[in-house]
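One structure is given below, encoded as structure tokens.
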Protein chains: 2
Amino acid sequence: MSPETAPLDAEQLAAYFALMEVSTLLQHAVDEHLRADGDLSNVQFQILMRLSGAPEGRLRMTDLADGVVYSRSGLTYQAGLLEQRGLITRSPAPDDERSVIVAVTGAGRDLIARVLPGHIRVVRRLLFDSLQATDVEVLGAVLGRVRDHMRAAPPRSARPRTRRAKP
Amino acid sequence: MSPETAPLDAEQLAAYFALMEVSTLLQHAVDEHLRADGDLSNVQFQILMRLSGAPEGRLRMTDLADGVVYSRSGLTYQAGLLEQRGLITRSPAPDDERSVIVAVTGAGRDLIARVLPGHIRVVRRLLFDSLQATDVEVLGAVLGRVRDHMRAAPPRSARPRTRRAKP
DNA sequence: TATTGTTATACTCTATAACTATA
DNA sequence: TATAGTTATAGAGTATAACAATA
């Protein structure tokens, strides 16, 4: 058995399981709140948040897709929903006619403002109520390192260029 | 602004974002591997793993559902898929005719054995390669505390009784 | 040719409610 | 009545591939 595939030791397993369980439960609770309080999916919330934080509240579709991980078509779908509700607008980019600029509207910002307090309440109750300041620091530092490492890693083992065609 | 909804401080935000980002990327990578290597969804993998760890490889549907969070019907769906592939069996419980006992088959254990090394490789590469032993310990301890706190918390603010009907 | 984005489509998953049966 | 599980069904979300337009 190569060291790469040797079983994880007890500490590692505990950390792995705890991480997955905590994030799953937290995600679930957050999703539920966003849906109930603002009729938003998590992705939609993330899109609005990213736009809110961007200069002038605007980003290209591609930049959004890079951040939100999902496929282009998935982003188009979600953006379509947000646009229908008047929470964002889409318009062609002036400098590159292929690109589309997405912008938050006032209504979008209002919705975020309305939803954010409850969102924070959920996160605080589930994640931070059981942690001391030093725990939070350590958690952020360790997970920050992991994240940086993940992002630096090659973007997944080179996705298959094309799906093998069925002739 | 009540202290409950006061914005999260910088340390908290960093920890929260890092947690969600790390878990999302890890989950994504794991899902991809499980699908490619064993044609398993994450839920299916979890079901098989739980059964593998249970005495005699058997559990009731309800016990499985409690662990895997999802709704009863969702579990029935996933169990149906696993049963079709011969990875589990379902049979009525002898002591309580209402219950169904789910059991891993040999094929199920074989599949787990085949998939696990790659699973470990993914987790190790993404999560543990950037961490020292002490980091792992701390991470497990802190997140373990959070998990225990989450589980102790009241089961979400009383679910809405019925969906408002559209007449 | 490569990039940006949309559309069409098919599929997976999840949840709700209604239902059966057993306790 | 309450519990265990299934089924029917409907909806949300995602991905793939084909497509159009621009660089």
Side-chain angles (χ1 to χ4, degrees), chain A residues 24 27-28 31-32 34-36 38-47 59-85 88-103 156 159-167, chain B residues 24 27-28 31-32 34-36 39-47 58-85 88-102 156 159-166:
Chain A
T24 298
Q27 175 98 36
H28 223 262
D31 283 356
E32 197 169 318
L34 290 175
R35 181 61 68 189
D39 196 27
L40 287 173
S41 72
N42 200 294
V43 183
Q44 288 164 14
F45 178 68
Q46 280 186 53
I47 292 173
L59 285 174
R60 292 187 317 148
M61 287 291 281
T62 293
D63 299 329
L64 268 178
D66 289 350
V68 186
V69 177
Y70 295 158
S71 60
R72 289 277 169 76
S73 65
L75 178 59
T76 297
Y77 170 74
Q78 296 288 354
L81 296 180
L82 291 174
E83 192 178 36
Q84 276 178 22
R85 292 173 61 186
I88 65 170
T89 60
R90 280 185 288 186
S91 50
D95 56 317
D96 184 339
E97 291 281 331
R98 293 171 305 179
S99 295
V100 166
I101 299 285
V102 186
R156 293 299 307 147
R159 321 215 71 198
R161 298 173 284 230
T162 43
R163 199 53 74 186
R164 69 197 158 219
K166 193 190 300 178
Chain B
T24 298
Q27 175 98 36
H28 224 262
D31 283 356
E32 196 169 319
L34 290 175
R35 182 61 68 188
D39 197 26
L40 287 173
S41 72
N42 200 294
V43 182
Q44 289 165 13
F45 178 69
Q46 279 186 55
I47 291 174
R58 304 189 302 133
L59 285 174
R60 293 187 314 148
M61 287 291 282
T62 293
D63 300 329
L64 268 178
D66 289 351
V68 185
V69 177
Y70 296 156
S71 60
R72 289 277 170 74
S73 65
L75 178 59
T76 296
Y77 171 73
Q78 295 288 351
L81 295 180
L82 290 174
E83 192 178 36
Q84 276 178 23
R85 293 172 60 185
I88 65 171
T89 60
R90 280 184 290 186
S91 50
D95 55 316
D96 186 338
E97 291 281 332
R98 293 172 305 180
S99 294
V100 167
I101 299 285
V102 186
R156 292 299 307 146
R159 322 214 69 197
R161 301 170 283 228
T162 44
R163 192 66 61 194
R164 71 193 157 223
K166 192 189 296 178

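Proteins come first, then strands; the chains are lettered A, B, ... in the order of their sequence lines, and each starts at number 1.
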Nearest-angstrom distance from the residue atom [atom1] of [X] to [atom2] of [N]:
{"X": "A:L75", "N": "C:dT6", "atom1": "CG", "atom2": "P", "result": "8 Å"}
{"X": "A:E32", "N": "D:dA12", "atom1": "CD", "atom2": "C1'", "result": "16 Å"}
{"X": "B:Y77", "N": "D:dA12", "atom1": "OH", "atom2": "P", "result": "18 Å"}
{"X": "A:D31", "N": "D:dG13", "atom1": "CG", "atom2": "C1'", "result": "12 Å"}
{"X": "A:D95", "N": "C:dT3", "atom1": "CG", "atom2": "P", "result": "17 Å"}
{"X": "B:R72", "N": "D:dT9", "atom1": "CZ", "atom2": "P", "result": "22 Å"}
{"X": "A:N42", "N": "C:dC13", "atom1": "CG", "atom2": "P", "result": "20 Å"}
{"X": "B:I47", "N": "C:dC13", "atom1": "CD1", "atom2": "P", "result": "11 Å"}

Less than 4.0 angstrom between a side-chain N/O of [X] and OP1 or OP2 of [N], yes or no?
{"X": "B:Q78", "N": "C:dT12", "value": "no"}
{"X": "A:R90", "N": "C:dT4", "value": "no"}
{"X": "A:R35", "N": "C:dA15", "value": "no"}

Which of these nucleotides, [options], is closest to any side-chain atom of [X]?
{"X": "A:R60", "options": "C:dC13, C:dT4, C:dT7", "answer": "C:dT4"}
{"X": "B:Q44", "options": "C:dA23, C:dT6, C:dC13", "answer": "C:dC13"}
{"X": "B:S71", "options": "C:dA15, C:dT7, C:dT4", "answer": "C:dA15"}
{"X": "B:S73", "options": "D:dA15, D:dA8, C:dC13", "answer": "D:dA8"}

Heavy-atom nearest nucleotide on DNA chain C for B:R98 versus A:D96: which residue maps closer to 5'? A:D96
Pick the closest DNA chain C nucleotide for A:T76 and for A:H28 by heavy atoms, then say which residue is nearer the 5' end.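 Residue closer to the 5' terminus by nearest nucleotide: A:T76.
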Residue from B:V43, B:I88, B:L64 passing side chain to side chain contact (heavy atoms under 4.5 Å, CB included) with B:Q78: B:V43
Of all heavy-atom pairs between B:R58 and B:I101, which one has the smallest distance, and what is that distance?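 Scanning both residues completely, I find the closest heavy atoms to be NH1-CG2, 3.7 Å.
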Heavy-atom pair with the smallest gap, counting every atom of A:R85 and A:G38: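 Heavy atoms of A:R85 and A:G38 come nearest at NH2-O, 3.1 Å.
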Within the structure provided, determine whether B:Q46 and B:L34 are in side-chain contact (heavy-atom separation under 4.5 Å). no
Any B:V102 side-chain heavy atom under 4.5 Å of B:D63 side chain: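 When only atoms from C-beta onward are counted, B:D63 and B:V102 do not touch, as no gap falls below 4.5 Å.
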Give a yes or no on whether a donor-acceptor pair under 3.5 Å exists between the nucleobase atoms of D:dT3, that is its base, and the side chain of B:S99.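 It does not, because no donor-acceptor pair links the side chain of B:S99 to the base of D:dT3 below 3.5 Å.
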Could you check whether B:L81 gets within reach of a base, just the sugar-phosphate, or nothing at all, counting any heavy atom under 4.0 Å? sugar-phosphate
